[in-house]
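Notes follow the structure.
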Protein chains: 2
Amino acid sequence: MTGNPMPTIDQMLCFAVYSAGHAFTRFYKPRLDALDLTYPQYLVFLVLWERDNLTVKALGERLFLDSGTITPLIKRLEARGLVQRQRDDEDERQVRIRLTADGRALKQRAEAVPLAVAKGTGLSQAGAEALRLELLALRERLDRVD
Amino acid sequence: MTGNPMPTIDQMLCFAVYSAGHAFTRFYKPRLDALDLTYPQYLVFLVLWERDNLTVKALGERLFLDSGTITPLIKRLEARGLVQRQRDDEDERQVRIRLTADGRALKQRAEAVPLAVAKGTGLSQAGAEALRLELLALRERLDRVD
DNA sequence: CAAAATTCTATTGCGCACAATTTAATTGTG
DNA sequence: CACAATTAAATTGTGCGCAATAGAATTTTG
């Protein structure tokens, strides 16, 4: 019995996920530079373009991020006039995020991004979908334990 | 023709990778807390346990990280007496990273980690391997373009 | 061999990402 | 209704992650 030799990072699934994530960020960067958005900011807009006027909490649940990440990110977008923050009248603990006209307008300028990314992956739609579902299931299992 | 409607983040492969990466970090955290290591620090040790005395550049190429990330990370490990940094005598531009006795000793204490992670993924070895290879190929394609 | 180009590391600045804490508002309970 | 418990955001502090830059050492080349 040799016990448990340490794996090489090249053998580890976690490192494949970690480094593929960085590769995506690098790939997005030149495409999002035109919009002056970071990748996490782009994700926030994708959510808000789909459904406006979400609370910080709802946004965080959608993105798996907490207020410590989202609050300063949103404030930077607010400072640029792309979103507005306002306390909910019904429940003043909550802050609702609304797109401004400029924030909505950004959507047209982002239209070319998804196709470029799809091409960059080199995967067919079915291949990308299969991989996405595997990762979704993996995330759920990792989050379920402990 | 409806043109190119924006995808929902739930439909996007990049977001699946991004959020699965965060899930891995969260999963590792309680296991690495016992060693007082972050996930990126753990990756550095996995590389150094396998092959000691690497340069900053070699470490960066292995991890797909640059000196702006690695230098401060290594300095924190050095401050804790887990590694040493020294200029290469042959080429003084290079800095070589060596494990200290404490840094080497950490390996025994980390031995339970890989198995716990393998279990946490809920994947068979073959399943994990297949997914890893897909992500590896994806990373290479994303890094190849542009 | 001297000047130019390249290589390697470190530094600075910015933006996540998250744990821990704080503050304020709301809900639950006696 | 008072008061404890809970919830939502914001804040603080630490550690990545990377672009841009700087500075020193090495290599290239004219």
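A note on names: the letters A, B, ... follow the listed sequences, proteins ahead of strands, and every chain is numbered from 1. This structure is a prediction, so every number in the text was calculated from the model and none was measured.
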How many whole angstroms separate atom [atom1] of [X] from atom [atom2] of [N]?
X: B:L65; N: C:dC8; atom1: CG; atom2: P; value: 17 Å
X: A:D88; N: C:dA25; atom1: CG; atom2: P; value: 13 Å
X: A:Y18; N: D:dG17; atom1: OH; atom2: P; value: 3 Å
X: A:E61; N: C:dC18; atom1: CD; atom2: C1'; value: 16 Å
X: B:E92; N: D:dT27; atom1: CD; atom2: C1'; value: 16 Å
X: A:D91; N: C:dT27; atom1: CG; atom2: C1'; value: 10 Å
X: A:D89; N: D:dA8; atom1: CG; atom2: C1'; value: 16 Å
X: B:Y42; N: D:dC16; atom1: OH; atom2: P; value: 16 Å

task = Report the residue (A:G68 or A:Q94) whose heavy-atom-nearest nucleotide on DNA chain D is the more 5′ of the two.
result =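 The answer here is A:Q94.
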
task = Specify the residue among A:T69 and B:D66 whose closest nucleotide of DNA chain D lies further upstream toward the 5′ end.
result = A:T69

Full working for ring-ring contact (aromatic ring centres under 6.0 Å, His included) between A:F24 and B:Y18 = CA-CA 8 Å; A:F24 260 123; B:Y18 171 82; over 10 Å; no

So [X], base contact, sugar-phosphate only, or nothing? Heavy-atom distance under 4.0 Å.
X: A:L73; value: sugar-phosphate
X: A:R96; value: nothing
X: A:T55; value: sugar-phosphate
X: A:S67; value: base

ask   = Between the base of D:dT7 and the side chain of A:R93, is there any donor-acceptor pair under 3.5 Å?
value = yes

Nearest 0.5 Å please: distance from the [atom1] atom of [X] over to the [atom2] atom of [Y].
X: A:N53; Y: A:D88; atom1: CG; atom2: CG; answer: 8.0 Å
X: B:Q125; Y: A:L13; atom1: CD; atom2: CG; answer: 11.5 Å
X: B:L106; Y: B:L35; atom1: CG; atom2: CG; answer: 5.5 Å

ask   = Between B:R26 and C:dC18, is there a side-chain N or O to OP1/OP2 distance below 4.0 Å?
value = yes

message = If you compare every side-chain N and O of A:K57 against the phosphate oxygens of D:dT6 (OP1, OP2), does one of them come in below 4.0 Å?
response =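 So the side-chain polar atoms of A:K57 never come under 4.0 Å of the phosphate oxygens OP1 or OP2 of D:dT6.
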
Candidates [options] - which lies nearest the side chain of [X]:
X: B:V95; options: D:dA10, C:dA10, D:dC18; answer: C:dA10
X: B:R76; options: D:dG17, D:dA9, D:dG15; answer: D:dG15
X: B:H22; options: D:dA10, C:dC18, C:dC8; answer: C:dC18
X: B:T38; options: C:dA17, D:dT11, D:dG15; answer: D:dG15
X: B:K29; options: C:dA17, C:dA19, D:dA10; answer: C:dA19

request  = Quick one: closest heavy-atom pair of A:V113 and A:Y28, and the distance?
outcome  =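 In terms of heavy atoms, the two residues are closest at CG1-CE2, 3.7 Å.
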
ask   = Is there a side-chain contact between A:Q41 and A:L77, using heavy atoms and a 4.5 Å cut-off?
value =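 Yes, side chains in contact.
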
request  = Report the base-pairing partner of C:dG30 (Watson-Crick or G-U wobble, both distances below 3.5 angstrom), or none.
outcome  =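 Per the H-bond distance test, D:dC1.
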
message = Go nucleotide by nucleotide along DNA chain C from the 5' end; which of B:T71 and A:F64 gets its closest nucleotide reached first?
response =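 Looking at the nearest nucleotide for each, B:T71 comes out on the 5' side.
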
